[in-house]
Amino acid sequence: MAGLGLSPFGFPSPAAPLFLGPTAPFISIIALFDTFPIGARIEIGMDAGFWIGNFGGIQDGVALLTNAVLHSNIGTPIDGIRPIVRIPIRQITFVST
């Protein structure tokens, strides 16, 4: 594992070259969700608006919200409550409480 730049615990060693590759933005966005417990009320922004709903977790590259409502960029609701919304991680522009 030392040849891969990993310590015996799977963490990058300090001597390893820093290469995050194409998944670096993906990893940093997922890190935004670490502090939210399941069921927390959050806002997830995208280019065309933002969703407000209850955090349901991260699964297969998508953020899950329950009982969510889509809002336009000026803040007005666009549609009614949706029981489950799947938002691709790559489309997320911000996460807020």
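Scanning for side chain to side chain donor-acceptor pair (under 3.5 Å) contacts around Asp47 gives an empty result, with sequence neighbours left out. Taking the side-chain contact (heavy atoms from CB on, under 4.5 Å) definition, one finds that Asn67 meets it with Asn54, Ile81, sequence neighbours left out.
Going from atom OG1 of Thr97 over to atom CD1 of Ile52 covers 11.0 Å, rounded to the nearest 0.5 Å. Once rounded to the nearest 0.5 Å, the distance linking OG1 of Thr66 with CD1 of Ile84 reads 7.5 Å.
With a 4.5 Å cut-off on side-chain heavy atoms, Val69 and Trp51 do not count as touching.
Among all heavy-atom pairs drawn from Pro88 and Val62, the shortest one is CA-CG1, 3.9 Å. Taking each heavy atom of Met46 and Thr93 in turn, the nearest pair found is N-OG1, 3.5 Å. Considering every non-hydrogen atom in both Gln59 and Leu64, the closest pair reads OE1-CD1, 3.7 Å. Heavy-atom minimum distance, Ile92 versus Ala63: CD1-CB, 4.2 Å.
The local environment of CZ in Arg82 is sparse, with at most 12 non-hydrogen atoms from other residues, nucleotides or ligands closer than 6.0 Å.
Not one N or O on the side chain of Ser96 forms a donor-acceptor pair closer than 3.5 Å with the backbone of Glu43.
Taking the six-membered ring where the residue is Trp, Phe50 and Phe94 present tilted rings, their angle falling between 30° and 60°.
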